[in-house]
Amino acid sequence: MRLLGTLYKFSRLLNRTLIRDFPKRSMACSRFEYVKSFEQDDSILPNVWIVIRIDGKKFHKFSKTHDFEKPNDENALNVMNAAATAVLQEFRDVVLAYGQSDEYSFVFRKETTAFKRRSAKLLTYVTSLFSTSYVMHWSKWMNLPLAYAPCFDGRVVLYPSEQNLKDYLSWRQADVHVNNLYNTAFWKLVLEKGLTNQEAEAKLRGTFSADKNELLFQEFGINYNNLPAMYRKGTILLRKRVIVGEKSRQAIVPLHEDLISSHFWKQHTEILGKYVPGTYDAPVPLPRLVELQLNEKQVSEEAEEPQNEARIS
C-alpha cells in the first residue's frame with residue numbers, strides 16, 4: 001500500500017509538471033472546447049457555380065470625395081480591375097471575373113474545394129483581399145491620395161446550371177448598358193448644357209434607350225456605340241497565355257466583349273469546359289494591366305535565378 005501511495009503522489013507531481021510546461025497552443029482540447037459546437041455548417045452544395053459579388057459601400061460619396069471624372073473615370077475603373085486581378089492571382093479556381101462601376105463578380109468553377117467550400121471563409125477572404133488590393137493599387141492609377149479607406153460588402157450566390165450562370169452575367173452586363181447610357185446623357189446635360197441635377201433628371205424621365213441615343217447624337221454629336229467598350233460593356237477578366245517575343249507567359253487579361261452573345265462562350269470554351277487558359281491575341285501596346293503583371297513576373301523570375309559565383313583559379 002505504501003508503494004501504491006508513493007506511485008500515486010509521483011504521478012500527480014508528474015502531471016502538474018507536464019501541464020505547467022506544455023505549450024499553450026496544445027491546450028485547445030479543454031473543457032471550453034464545447035463552444036465550437038455552436039458554429040453552424042455553412043458548406044456550399046457540391047456541383048454548383050459559386051459566384052461572389054462585391055459592391056462598393058457608399059461609393060457615391062467616395063467618388064465625389066476623390067473627384068472621379070463623370071460619367072466614367074478610366075483610372076478609377078482600372079483600380080477596380082487591378083484589385084480583381086489580385087483575387088484571380090490568389091484563387092486559380094476563379095474562371096472568370098466581371099466588373100463594372102463599383103462592383104465585381106467572381107465565378108468559381110463547380111469543382112472547387114477552396115476552403116472546403118465554406119461560404120463564410122470564401123466570402124470574407126475574397127472581400128477582404130479585394131478591399132486591401134484596391135488600396136494597394138490605388139497609387140498606380142490615381143494621382144489624388146486616398147482620403148479614407150474604401151469599403152466593400154459581398155454576397156455568395158449559387159447557380160446550378162450553365163444557363164443560370166450565363167443569364168446572371170448577361171443581367172450584370174445589361175445593367176451596365178442601362179446605367180451608362182443614362183449617366184452619359186445625364187452628365188452631358190449637367191456639365192455641358194449647364195442643367196441642374198433636377199433639370200437633367202426631369203428631361204430624361206420617361207425616355208427610352210433610343211431617345212437617349214438620339215439626344216446624345218443631336219445635342220452633343222456623340223455616337224454612343226463609339227464610346228470606349230469598357231464603359232459600355234464592363235470588364236471581363238480571364239486567365240490567358242500571352243505571347244511576348246518568343247516567350248509564353250500566363251496573365252490575367254481584361255476583355256470588353258459582349259457576354260450576352262453565344263459567340264463569346266464559343267470563343268472562350270475554357271470557362272465552362274476543361275480549364276486550360278487559351279491564347280490571348282495581345283494588342284500593341286499591351287494593356288497596362290497586363291504589362292504590369294508581366295513586369296512583376298519578370299522581376300520575380302530574375303530574383304529567383306541563382307547567381308553565378310566567381311571562380312578563383
For this session: Determine, stepwise, if the pair N75 / N78 fulfils side chain to side chain donor-acceptor pair (under 3.5 Å).
Result: CA-CA 5 Å; N75 287 328; N78 277 319; 4.8 Å; no

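In terms of hydrophobic clustering, with Ile, Leu, Val, Met, Phe, Trp and Tyr side chains grouped at heavy-atom distances under 4.5 Å, L169 and F108 are assigned to different clusters. In the hydrophobic clustering of ILVMFWY residues, with side-chain heavy atoms under 4.5 Å counting as a link, L144 and Y134 come out apart. Y224 and I260 sit in two unconnected hydrophobic clusters of ILVMFWY residues. Membership requires side-chain heavy atoms under 4.5 Å apart, directly or through other members. In terms of hydrophobic clustering, with Ile, Leu, Val, Met, Phe, Trp and Tyr side chains grouped at heavy-atom distances under 4.5 Å, L255 and L272 are assigned to a common cluster. With hydrophobic clusters built from ILVMFWY side chains whose heavy atoms lie under 4.5 angstrom apart, W49 shares a cluster with L238.
When side chains are defined from C-beta on, I271 does not count as touching V107, because their heavy atoms never get closer than 4.5 Å. Put simply, the side chain of L96 does not reach to within 4.5 Å of the side chain of F106, judged on heavy atoms. Using a 4.5 Å heavy-atom threshold, the side chains of E90 and V87 count as separate. Residues T235 and Q100 have side chains not in contact (no heavy-atom distance under 4.5 Å, counting atoms from C-beta outward). Side-chain contact check for L215 versus K203: some heavy-atom pair is nearer than 4.5 Å.
Within the structure, the side chain to side chain donor-acceptor pair (under 3.5 Å) test picks out the following pairs touching residues 59-74 (sequence neighbours left out): N72-N180.
When the side-chain hydrogen bond (donor to acceptor under 3.5 Å, both in side chains) test is applied to D42, no partner is found at least two apart in sequence or on another chain. In this view, Y98 satisfies the ring-ring contact (aromatic ring centres under 6.0 Å, His included) rule with no residue, not counting sequence neighbours. Not a single ring-ring contact (aromatic ring centres under 6.0 Å, His included) links Y231 to another residue, sequence neighbours left out. Contacts of H268 classified as side-chain hydrogen bond (donor to acceptor under 3.5 Å, both in side chains), with partners at least two apart in sequence or in another chain: K240, E257.
Ring planes of F130 and Y104: tilted class, angle from 30 to 60°. Between F68 and F62, the angle of the ring planes goes over 60°, which puts this pair in the perpendicular group of the 30/60° scheme.
Distance alone, capped at 3.5 Å, is enough to place a donor-acceptor pair between the Q173 side chain and the K233 backbone. A donor-acceptor pair under 3.5 Å is formed between the side chain of R117 and the backbone N or O of T112. In this structure a side-chain-to-backbone donor-acceptor pair under 3.5 Å is present from Q293 to I252.
Between Y168 and S105, the side chains place a donor N or O and an acceptor N or O closer than 3.5 Å (distance only, hydrogens not considered). Of the N and O atoms on the side chains of Q163 and D167, at least one donor lies less than 3.5 Å from an acceptor on the other residue.
Looking at E199 and K193, no side-chain N of the basic residue comes within less than 4.0 Å of a carboxylate O on the acidic one, giving no salt bridge.
A distance below 6.0 Å separates the ring centres of F115 and Y125.
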Indicate every side-chain donor-acceptor pair of residues 278-289 with a distance under 3.5 Å to a residue at least two apart or in another chain.
from: T279; atom 1: OG1; to: R241; atom 2: NH2; distance (Å): 3.0
from: R288; atom 1: NH1; to: K140; atom 2: O; distance (Å): 3.0
from: R288; atom 1: NH2; to: K140; atom 2: O; distance (Å): 2.6

